[in-house]
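All remarks here apply to the structure that follows.
Chain letters run A, B, ... following the sequence lines, proteins first and then strands; every chain starts at 1.
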Number of protein chains: 2
Amino acid sequence: MVTIYDVAAKANVSAMTVSRVINNTGKISEKTRAKVKRVMEEMNYVPNQTARNLVLQQTKLLFLLITDITNPFYMTVARGAEDAAKKNGYRLLFGNSDEDLEKEADYISTILTMRVDGVLIAPTGDPSLANLEALHKHKVPLVLLDREVPGINCDIVLGDSKEGARELVEHLIENGHQRIALVNGDSSISSARLRLQGYREGLLLNQIELHENYIYEASFGAKHDLSRLSEWLKQLTPPPTAIVAGNNILAVEILRVLEEQNIDVPEQLSLVCFDDLGPYSESKPFLTVAAQQAYQFGYLGIQMLVDRIQEREAELPYRKIVLPAHLQKRRSVKKLSTST
Amino acid sequence: MVTIYDVAAKANVSAMTVSRVINNTGKISEKTRAKVKRVMEEMNYVPNQTARNLVLQQTKLLFLLITDITNPFYMTVARGAEDAAKKNGYRLLFGNSDEDLEKEADYISTILTMRVDGVLIAPTGDPSLANLEALHKHKVPLVLLDREVPGINCDIVLGDSKEGARELVEHLIENGHQRIALVNGDSSISSARLRLQGYREGLLLNQIELHENYIYEASFGAKHDLSRLSEWLKQLTPPPTAIVAGNNILAVEILRVLEEQNIDVPEQLSLVCFDDLGPYSESKPFLTVAAQQAYQFGYLGIQMLVDRIQEREAELPYRKIVLPAHLQKRRSVKKLSTST
DNA sequence: TTGTATGCGTTATCAG
DNA sequence: CTGATAACGCATACAA
């Protein structure tokens with residue numbers, strides 16, 4: 001590998017001069033600048049970021065840790081985060097915890113040892129507390145994404161889960177539905193809890209009685225035991241006329257189950273969910289969803305993170321951004337003429 | 001930040017001893033080892049990877065550069081790559097070139113400056129040659145993924161695009177189809193060229209005449225001008241009874257267009273494509289696809305890369321792995337009774 | 001405008 | 001078994 005000294009030697013200057021040319025710092029005569037640049041070209045010199053990191057005590061690296069790499073919601077988050085990072089002169093690395101606390105811990109240790117400048121993280125759930133505390137202990141700037149964790153105090157960007165869920169429920173009610181089931185994520189996740197709240201409120205505000213057995217707790221990640229879900233659905237009496245899914249992944253899994261049971265959406269059962277389906281939202285059966293502003297999640301999250309890094313001394317008060325979800329009416333909800 | 005010297009001081013040993021404890025090298029008495037470990041715990045010491053990288057002249061970092069982060073095919077590739085990297089003691093970083101030559105160049109320069117140990121890359125197409133040559137020039141170990149680039153010589157893992165396309169076509173023919181259109185990726189991409197070849201062969205072997213106007217060249221990435229595709233489709237006379245899509249993304253876009261035109265799949269038009277649809281393959285309308293072994297692409301690609309890094313001196317001959325595609329028959333192909 | 005000395009945190013080498 | 005010293009490649013502070 002050619003180093004700054006090799007370049008310096010060949011250009012008959014000191015290493016410092018080369019360094020100045022690279023970083024555009026200090027004053028340099030145009031002549032030597034040109035010469036140095038030429039030599040760098042000739043030798044295919046590439047600065048060693050590792051050495052730079054060591055002396056500068058910063059890596060200009062941000063890390064985005066998400067919980068499900070196959071979820072289009074997070075893919076869009078990643079896009080927004082990437083753009084914001086680039087705009088601020090940072091590079092962005094990704095990691096995928098797969099909704100798994102241990103994988104998350106693994107990544108945290110990677111992050112610590114790599115001396116990443118800051119982290120934007122969607123925690124796996126409340127038990128992430130220990131992992132996040134490790135970051136805090138080492139003073140790694142941190143922004144939470146999509147999910148709150150009781151006990152941890154930091155910047156955060158969230159969706160309005162409660163309100164979104166309520167809207168989904170009320171949309172169903174407006175279409176004549178009364179028997180509405182909920183298939184939700186793990187209750188150790190703040191957004192799942194809020195969606196449940198929104199669901200309850202939606203029913204309550206419309207004087208519809210809540211049946212506990214209409215609520216099913218699964219996980220936001222994929223790979224469920226579909227047969228269990230299937231059994232639960234079959235045994236519901238009277239059967240619901242509509243289902244609210246806690247997120248897009250759950251909606252897709254519900255679709256599979258319904259497919260197997262030869263239940264048509266929306267003819268026989270209506271289905272709505274949180275989060276859009278990305279590139280596939282256009283495939284039938286056109287799910288009606290409460291779409292979250294995924295790109296903004298990533299973009300604003302990184303922006304807050306960069307602010308925090310750059311104002312490290314300033315001790316800014318922690319900020320909390322809550323982004324509303326927007327109801328995208330498509331075709332998975334049937335209008336019931338007679339309320340049953 | 002607490003350094004190895006802080007630990008050493010507190011433990012009354014030299015920095016070297018601490019280093020030995022961390023890396024489990026050399027001989028150390030159990031007593032001092034225990035003491036050092038205890039002090040490390042107490043002080044929350046985390047080794048500085050940056051400093052390590054500098055002295056070891058390696059980062060234990062591999063980079064996976066893909067062309068479309070929203071494509072489930074690449075997501076699965078990423079999973080395989082991640083697993084293989086972990087198994088070999090490397091960390092994996094991701095990048096997304098978005099089928100854009102310049103973004104690709106950006107990432108290449110990142111990779112160079114970060115001193116990543118090796119790169120697994122799906123090039124954007126033949127013009128990637130210059131980008132790849134930059135890697136070669138700096139002797140960065142390199143494995144190509146999914147697409148060949150004329151002029152570059154290195155390890156590569158590919159799908160059997162020609163054979164896969166031929167199978168798709170012949171599957172359609174077996175079901176009575178004769179007027180089969182192809183919506184393909186950019187012909188500057190090797191896999192697109194091979195899929196075209198397979199398409200041609202499939203027709204030829206069955207004595208079906210090829211109509212050039214049945215071939216549409218789009219891009220494997222998303223965000224097309226759907227109206228152009230739509231126009232093309234409408235003006236075909238006689239209209240095809242089936243379409244082969246060059247990849248999953250194209251298939252989804254075709255679905256959208258057909259939806260707009262109120263053309264039902266498979267009743268009015270059959271549709272098949274390359275690559276599976278990931279979590280959404282189970283949604284209607286159950287596309288019949290030539291599924292590639294995405295996980296193996298990533299896994300084997302990284303494995304080859306690690307081999308190459310570790311046998312750097314050995315000058316292994318370049319290897320080329322070609323993985324067959326498997327036809328997944330689902331329900332997007334209609335059996336025609338009379339061949340039209 | 002340019003150069004010299006020094007340190008960033010770690011490990012390899014060699015000595016004890 | 002343990003420690004002192006040098007080196008990795010670069011940038012900061014200070015000198016010239």
Side-chain angles (χ1 to χ4, degrees), chain A residues 1-37 39-40 43-61 89 109-117 138-140, chain B residues 1-37 39-40 43-61 89 109 112-117 138-140:
Chain A
M1 282 283 92
V2 25
T3 75
I4 204 170
Y5 283 101
D6 301 329
V7 175
K10 194 157 181 181
N12 282 317
V13 294
S14 75
M16 254 332 284
T17 303
V18 178
S19 174
R20 289 191 181 100
V21 171
I22 296 168
N23 300 299
N24 271 314
T25 66
K27 304 267 178 200
I28 303 209
S29 79
E30 262 319 313
K31 209 176 70 189
T32 56
R33 177 193 303 281
K35 184 173 58 181
V36 169
K37 280 203 167 172
V39 174
M40 290 199 301
M43 306 184 77
N44 283 312
Y45 171 70
V46 177
N48 185 325
Q49 190 64 41
T50 288
R52 250 189 204 155
N53 293 343
L54 186 57
V55 55
L56 294 178
Q57 297 288 67
Q58 56 157 4
T59 55
K60 282 286 177 185
L61 241 39
S109 91
T110 300
I111 285 165
L112 251 22
T113 185
M114 284 185 75
R115 297 296 194 269
V116 162
D117 287 353
H138 292 278
K139 306 211 188 310
V140 180
Chain B
M1 281 283 92
V2 27
T3 76
I4 204 169
Y5 279 100
D6 301 328
V7 175
K10 193 155 181 183
N12 282 316
V13 295
S14 74
M16 252 334 279
T17 302
V18 178
S19 174
R20 287 191 180 102
V21 171
I22 296 169
N23 300 297
N24 269 315
T25 64
K27 303 268 177 199
I28 302 210
S29 79
E30 261 321 310
K31 209 177 67 189
T32 57
R33 177 193 303 280
K35 184 173 57 183
V36 169
K37 281 203 167 171
V39 174
M40 289 198 303
M43 305 184 76
N44 282 312
Y45 169 71
V46 177
N48 185 323
Q49 191 63 40
T50 289
R52 248 187 205 157
N53 293 342
L54 185 58
V55 55
L56 294 178
Q57 297 287 67
Q58 54 159 5
T59 55
K60 282 288 178 181
L61 242 38
S109 91
L112 251 24
T113 185
M114 283 186 73
R115 298 296 197 267
V116 162
D117 287 352
H138 291 279
K139 305 212 188 309
V140 180

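Contact annotation: the side chain of V18(A) never approaches that of Y5(A) to less than 4.5 Å [non-hydrogen atoms, C-beta and beyond]. The shortest side-chain heavy-atom distance between D117(A) and L61(A) does not fall under the 4.5 Å cut-off. Between T32(B) and R20(B), every side-chain heavy-atom pair lies at or beyond the 4.5 Å cut-off. Under the 4.5 Å side-chain criterion, counting only non-hydrogen atoms from C-beta, R115(A) is in contact with M1(B).
In this structure, M40(A) atom CE and dC10(D) atom P are separated by 11 Å, rounded to whole Å. Between E30(A) atom CD and dT2(C) atom P the separation is 10 Å, expressed in whole Å. The CG atom of N23(B) sits 12 Å away from the C1' atom of dA12(C) (whole-angstrom rounding). A straight line from CD of Q58(A) to C1' of dT12(D) spans 14 Å, rounded to a whole angstrom. When the C1' atom of dG7(C) is taken as reference, atom CE of M1(B) falls 18 Å away, rounded to whole Å. The CD1 atom of I4(A) sits 12 Å away from the P atom of dG3(C) (whole-angstrom rounding). As a whole-Å value, the separation of L54(B) CG from dC8(D) P is 9 Å. The CD-C1' distance, from Q57(B) to dA12(C), rounds to 13 Å in whole Å.
Residue whose closest nucleotide on DNA chain D sits further toward the 5' end, between K27(B) and R115(B): K27(B). Comparing P47(B) and S29(A) by the nucleotide of DNA chain C that holds the closest heavy atom to each, the one mapping nearer the 5' end is S29(A).
Listed candidates were dT2(C), dT2(D), dG7(C). Nearest to the side chain of I28(A) is dT2(C).
Judged by distance alone, with hydrogens and angles left aside, the side-chain atoms of T59(A) form no donor-acceptor pair with the main-chain N or O of N53(A) at under 3.5 Å. With T50(A) contributing its side chain and L54(B) its backbone, the two residues share no donor-acceptor pair below 3.5 Å.
Fit an axis to the five pairs at each end of the helix from dT1(C)-dA16(D) to dG16(C)-dC1(D) and the two axes sit 40° apart, to the nearest 10 degrees.
Among residues two or more places apart in sequence or in another chain, the side chain to side chain contact (heavy atoms under 4.5 Å, CB included) test is passed with M43(B) by V2(B), D6(B), V7(B), K10(B), V39(B).
Backbone-only engagement by L56(A) is indicated by non-hydrogen atom pairs under 4.0 Å involving sugar-phosphate atoms exclusively. Among the atoms of the strands shown, only primed sugar atoms or phosphate atoms (P, OP1, OP2) are found under 4.0 Å from some heavy atom of T32(A).
Under 4.0 angstrom from either OP1 or OP2 of dG9(D) there lies no side-chain N or O belonging to R52(A). N53(B) has no side-chain polar atom (N or O) that falls below the 4.0 Å cut-off from OP1 or OP2 of dC8(D).
Other residues, nucleotides and ligands contribute only 12 or fewer heavy atoms inside 6.0 Å of the NZ atom of K37(A).
In this structure, R52(B) and N23(B) approach most closely via the heavy-atom pair NH2-OD1, 3.6 Å. In terms of heavy-atom proximity, R33(A) sits nearest to I28(A) at N-CG2, 3.9 Å.
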Listing time: all N or O pairs from protein to nucleotides 3-6 of chain D that are below 3.5 Å?
from	atom 1	to	atom 2	distance (Å)
dG3(D)	OP2	S14(B)	N	3.0
dG3(D)	OP2	S14(B)	OG	3.3
dG3(D)	OP2	T17(B)	OG1	2.5
dG3(D)	N7	R20(B)	NH1	3.1
dG3(D)	O6	R20(B)	NH2	2.3

